[in-house]
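Working notes, structure below.
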Amino acid sequence: MTFRTRLLVVFAATIASAVAMVVWIVSVSTARVFEQLEAERTAALVQQFQKEFVLRGEEIARAAQRIADSDAALRVAIDVNRAEPDYSLHVNDASALASSHGLDFLELVAGDGSIVSSAQWPARFAYKEAGLTKPADWTSQPAFLKREDLPDDAALALEAVRIRIVGDARLYVIAGRRLDAAFLTSLVLPPGMRVLLYRNLEPAFSPQALAGVAAPDAEKFAPLIEQVRREHREATIEIRWSSDAASAEAFHAIPLDGRDRRPLGVLLIGSSRRQVVGLMHSIRNVGLGVGAAGILLALGLAGWATARVTRPVKQLAAGAGEVARGNWDARVEINSSDEIGDLARAFNQMTRQLAEQRERLLQSERVAAWRELARRLAHELKNPLFPLQITVENLERAKREHPDQFEEVFRESTTTLLAELANLKIIIGRFSDFAKMPAPQLEPVQLNDLVRAVLKLFEAQLAAAGAIRPETDLDARLPAIQADPEQIKRALQNLVLNAMDAMPAGGTLRIQTRQYNSTVILEVSDTGQGLTREECDRLFTPYYTTKHHGTGLGLAIVQSVVSDHHGTISVESQPGHGATFRIELPIKNAAGAARA
Amino acid sequence: MVGSHLRIPLLTILLLTGDAASGQRFDGLVQGLAQKIAAALKPRASVTLSFRNVSSMSAADTSLTQAAMERELRALGLAVGDRGPDGTEVQVTFSENPRGFIWVAEIRTGDARAVAMEEAPKPPPASGATSMAIEKKLMLEQDRQILDLATMGRGLLLLDSEAVSLYESAGGEWQRKLSVRIPAARPWPRDLRGRLVTQGDAYQAYLPGLTCNGNAGGGMSITCREASLWPIGAGPRMLGFAQFAPARNYFDGRVIAPNGSTVSVPAFFSAAGFQVGASSAWALAGVDGQTHLYNTPIKNSSAWAAMGSGIVGLESDCGGRFQVLAAAAGDGTVTDSVSAYDVMDGAPRSTGDAVAFPGPVTALWPAAERGAAFAVSRDLRSGRYAAFRLAITCAH
Amino acid sequence: MQRFAWQLPALISLLAGLTGLSASARAETRPRYGGRLTVEIHDAITFTDPAAWPPQLVALVYDRLVTVDERGEPHPALAASWQHDPDNKRWEFRLRPGVKFHDGSPLNAAAAAACLKGWTSVTAADEDVVVVQTENPAPDLPARLAGPGNVILRRGADGVTTGSGPFRIAEWQPGRRALLTANDDYWGGRPYLDDIELQMGHSPRDQAVDLELGKADLVELTPDDARRAAQRGARTCVSAPAELLTLVFQRGHTAVEDARLRQAVALSIDRAAIHNVLLLKQGESTGALLPGWLTGYAFLFPAARDLDRARQMVASLPKSGTRITPSITLGRITLSYDAADPLARPIAERIALNAREAGVVIQVAAGGPLDLRLARIPLRSLDPEQALAAYASAFGMTATFKAPTVPSPEARFEAEQKLLEDGRVVPLFHVPQIMGLGPRVRNWNPEPWGDWRLADVWLELRRP
């Protein structure tokens, strides 16, 4: 991850976090405020409902009292409390009285609880109306909720009871009005709120008992209603009418009890979530917008910051890279006066010193290499030159001292001279080869094939040279690499030769290929005597050899080839345990892109 | 009680003489039904027998028939009265339909029920006439309260709150001819009542606490003394002389019977005499609002209770021979009516006929003529008193 | 077609209650001729054919050979006399001479014979002798000829019928109004009234109001209206209870096919409360088809409520919605009533309430052929057998009705029992007809058949 990206991430994260936190805090606060507002409005509505309930109840109680005080009630009271009451006289009275007093329900009930006349269910005359004897005095009793059974269904009624007493006789007047959706229309509702009434008159939840809501939608109220019925206390639920969150509505349910403390109705106060959801959306959108802007700002800041910070760092890094690649003349053009500038100046100084040191090193190395080369050349040439000298001297001597043997001596000497000259040629050829190793001609090369080819080449030699057993562990899925097959083969041959040389008494020659990330690895192992640490370090130095013969160029050539292929070569060995040469070659050999 | 002492021998006579015709009338039904009941049961079965009457059969006929049925069933070999092992119960219902009587026997043994019926036309009623009506005729009107009227020869004697007057018919209307004031020493009680009885030219006027004798032939004379015994009934159907409560409007219940003995009856406003079998009986419109039956074992029926405080008994040729005219049970603020009841077997049956009056009937007394009575009514609108003659007619 | 028909048989010569109010100081005794009587009825009669008429109106325009009194005894009408053979199978009726139909055509034996149906043979033996032959002995044939189906009329080519009764049809507006004028040549004497205006299709409540306003002289009243009228001092007249109020379970309706359910409903009904309160104690509770005053044995049919037994019956039924046979599924029961009858709805609702106590849910609705209906059926004949046959026809049970083979009360009882044994018909009440009379009306005395003897009615022309 680049510094710029890291910086961008940090900036963006910071800004996003800040924005998110602000949004969250605002949302929570807003939600809390809305909840409080909703609770207040709900409480106000409940209060309004209760007030209306009480007012209606008082109205009904007054109507009941008026009827109880009327002459009609007096006549009924007298007639039905005779020794042999005639219920037929008044069976239809309640209908007329109810109609004239604007009541939905009216029952006139004798002192023994027998219904004299019922406006809502005229056929119920002489049936008993239970629960009237307590309280004994209904005068001060407020109106109450009651389930009113009707011929075809049941209704929820707000009713009041008043008594007319004539001597010892009593006549109960039970007057009431329906409590239904029409009752709720008298309530003043704030916008976004509505009130529903569930008539809890069935043993189980019934969608039809919820007025004003279609049956499929009414089913959504079932859990709330059931909870209120079960727990007999207020409860709240949020109902979402569609997939749109703004369609949600919070419903607060309040049980409405009858005289026996069982809920006969449930008042549902609904508060639309549209406003708060809309606001939340707005807040969120603003937050997102701000966040996005912030991120853009972060991008900008990051860009600017990186421009200020990472560019010099990059330059420094680029410069370091140049240096790593060997361009010790790399300089960084940073002129700031801050720490980056100090760093840049230090870098430039370092590279300058490094370049100088390298130059000096190169020179000394070059001198050392020339000295080494001269030494080696001298050493190499000396060997064949000495016999040449001896042979020429022999010839001279023979000519001079033994002319009769001169022909023979001439023949022997020319043979020797030719052999040594050939040797010289070889030596010079090696040097020449080493000197003019060409640039590799890259092409897709399957390393396994080269290994097999090289082993084939050395097959006889391996069998002959003290029974060296070749082993291969070649990765069949080894991808092709971009390489010069001849040079690779040559390097491989050198390694194999090296390994053979390390096992004069025989052993195992193991060649392994495998892929590792973007490189292919070629390992050539032997079971020879191994190398010391010092020998490992100097192994790839040209002319360094542990062998008693040889130019010592073999591994140098291998290293050169590997280096030309942008690969690396290393050796692992311990004395007595053989040695393993590992060559790592990039699969892609693009200039500058391969990594070891 | 003296009254009950009188009743016992009458009851015995009633039972002994009985109404043999009633028993014979139903013999066929009794035998027929008894045979059907016996046929539905095992021989010598034990049964409990019960009866009820939902027909118009009289109480006397009912009890006679029940006895006859029991006798018949026993004669057919059934043990009546004991609840046998089967628990057989027989309920006989005396019912009727337009074609006559129908007697229904429900024979229950456990949950099983068998039904037997016997039907027979109704026997003809005792008298030939089947219906009657009241004929009402206005006699006189005046402002003073008219207490009673009585015919005197061709004239009409009128007793009112102040005088006794003689009227003669002229040109279809009654004209007053003579009048004599009643020397009343003390104020009259409210709801003044009076009774007028004539015999030739002589008359007796009975008022609360005052009895007057007089003569209307030639001139009007009157002599009054303090007395309170009023005659109830006349001739063979006479209850006796009843004590009129002083300063009141009713008879206090002390009655001197025709044989001189004193009997005690409930206090009453008015009395209606009729005959049960061969005996006279009386219905007394009691001060307690009930109608009491005197001198008859017949139980009081609800029809007697429907009558008001003004009743009068008449004898005619219609219906069961004895009728009772009764004013409706009302008060002085509503118009009144007088209904006719035909008394048969001691039970009054409404003839359905009634005559209306423009106000309350303040006096209702039998007239001397057979089947007639006088009624006085106060017109609610004018306040005047009108006297009417009511007569039972047998026309359809 | 269910008719809200009011019958008025006054069987005994005692009317149940005639409350009179006369403010006049003089009682009128001689009838007066003249005047128009305005009658209002609920029925809307569309045809002149007496088969479509309420029975009480038939005798105004049409005669029969014989009439009966309140004891069921036959009296001469168009037939002046009759005789029969010893077997009571051949009857000869001699017609009253000189009687004409309203169109002037003579009412002879041929015309009369053509109208008598249901006998083995009816022939005109002479110009004025009708011979009726029966297969079985018919000792009560004359009384049966007084029944509603034996009206003597003349049917014109256009289907319009003509009678010979005391009134003729002068104007006819089907379903709305008819004007009947006095037949001056009536064999029984010209009626006192000049004419009768018959207003049809008035609701009972409207009739009560019109009576009070003086717009009508004779109206039909409900028990409640009658009480109100009596309280106001109006005159009312109550007949003997003859009209049957009954529940009829519809055949073929799966909801009520189970006999236990029918019995449970029948046992749950509290007749006493309905009788006392809704019917104002008019009429009588009954379990019989024929009224007690007609048979004398109506009490043999149980009419008592047994709620415990009803609940046991219901408990033994399969649950609602259960398919108890391939074609029968239990469900909610519906009870229909005649919406035009002001008493029908409260009675139906009370029955539904009673049934609910037993566990049967009944829904009440006006009109329509639903599972169960509340029907009001008039008594068609004073002859129990004819009356039972008429009931069987009304209930669609003519095929299963077996007339009594012997003329005995037990046989009649059994025949009636048979009609009721499957529980499809549940008699509830016999109710009377209650008439309201205007103050001018005099001599109102209807006949046992329910015939309104309006020929005997006269009007006091001077208003009191």
Side-chain angles (χ1 to χ4, degrees), chain A residues 71-72 74-99 104-110 112-130 147-155 171 201-204 206 208, chain C residues 204-205 208 221-231 247 268-283 285 305 307 332-337 342-358 360-366 370 374 428-429 431 434:
Chain A
D71 288 339
L74 176 65
R75 275 200 302 278
V76 174
I78 291 171
D79 285 337
V80 302
N81 283 289
R82 292 180 200 279
E84 289 182 9
D86 185 357
Y87 280 73
S88 67
L89 291 169
H90 302 289
V91 69
N92 295 317
D93 285 5
S95 288
L97 285 170
S99 178
D104 298 318
F105 308 110
L106 180 64
E107 278 183 348
L108 304 175
V109 181
D112 64 351
S114 303
I115 297 173
V116 176
S117 180
S118 171
Q120 62 269 22
W121 201 345
R124 275 194 84 206
F125 61 85
Y127 275 78
K128 294 285 188 200
E129 184 68 61
R147 177 202 167 105
E148 199 56 58
D149 287 313
L150 300 174
D152 293 326
D153 62 0
L171 178 75
L201 302 173
E202 303 293 328
S206 165
Q208 287 78 19
Chain C
R205 179 47 58 95
L221 294 177
T222 62
D224 208 27
D225 288 333
R227 178 165 63 186
R228 270 195 282 270
Q231 283 169 353
L247 278 183
S268 71
I269 299 173
D270 182 3
R271 289 172 175 78
I274 297 173
H275 180 244
N276 288 342
V277 178
L278 296 179
L279 295 177
L280 301 180
K281 297 182 184 156
Q282 298 285 356
S285 304
R305 189 185 203 209
L307 193 57
R332 185 171 254 216
I333 301 170
T334 41
L335 165 60
S336 74
Y337 63 91
L343 276 178
R345 182 178 172 173
I347 292 176
E349 286 187 350
R350 183 68 179 197
I351 291 171
L353 192 55
N354 289 158
R356 193 180 285 212
E357 282 187 89
V360 179
V361 177
I362 296 181
Q363 201 171 6
V364 172
L370 301 176
L374 181 65
L428 299 173
F429 307 98
V431 292
I434 309 175

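Below, all heavy atoms of this structure are taken into account, side chains as well, without hydrogens, waters or symmetry copies. Each chain gets a letter, A, B and so on, in the order the sequences are listed, and its residues count up from 1.
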Residue pair C:P346 / A:A123: nearest heavy atoms and the distance that separates them: O-CB, 4.1 Å
Residue, of C:I351, C:L279, C:N354, C:D270, that accumulates the most heavy atom pairs under 4.5 Å with chain A: C:N354
Contact check, side chains of C:K281 and A:S88, non-hydrogen atoms, under 4.5 Å: no
C:A352 versus chain A, the contacting section by heavy-atom distance below 4.5 Å: neither
A:F125 backbone acceptor or donor facing C:R350 side chain under 3.5 Å: yes
Contact summary for C:R227 and A:D86, nearest pair of heavy atoms: NH1-OD2, 3.9 Å
Heavy-atom proximity to chain A below 4.5 Å, by part of C:D224: side chain
Nearest heavy-atom neighbours spanning A:D152 and C:Q363: OD1-CG, 3.7 Å
Heavy atoms of other groups near C:R345 CZ, more than 12 under 6.0 Å: no
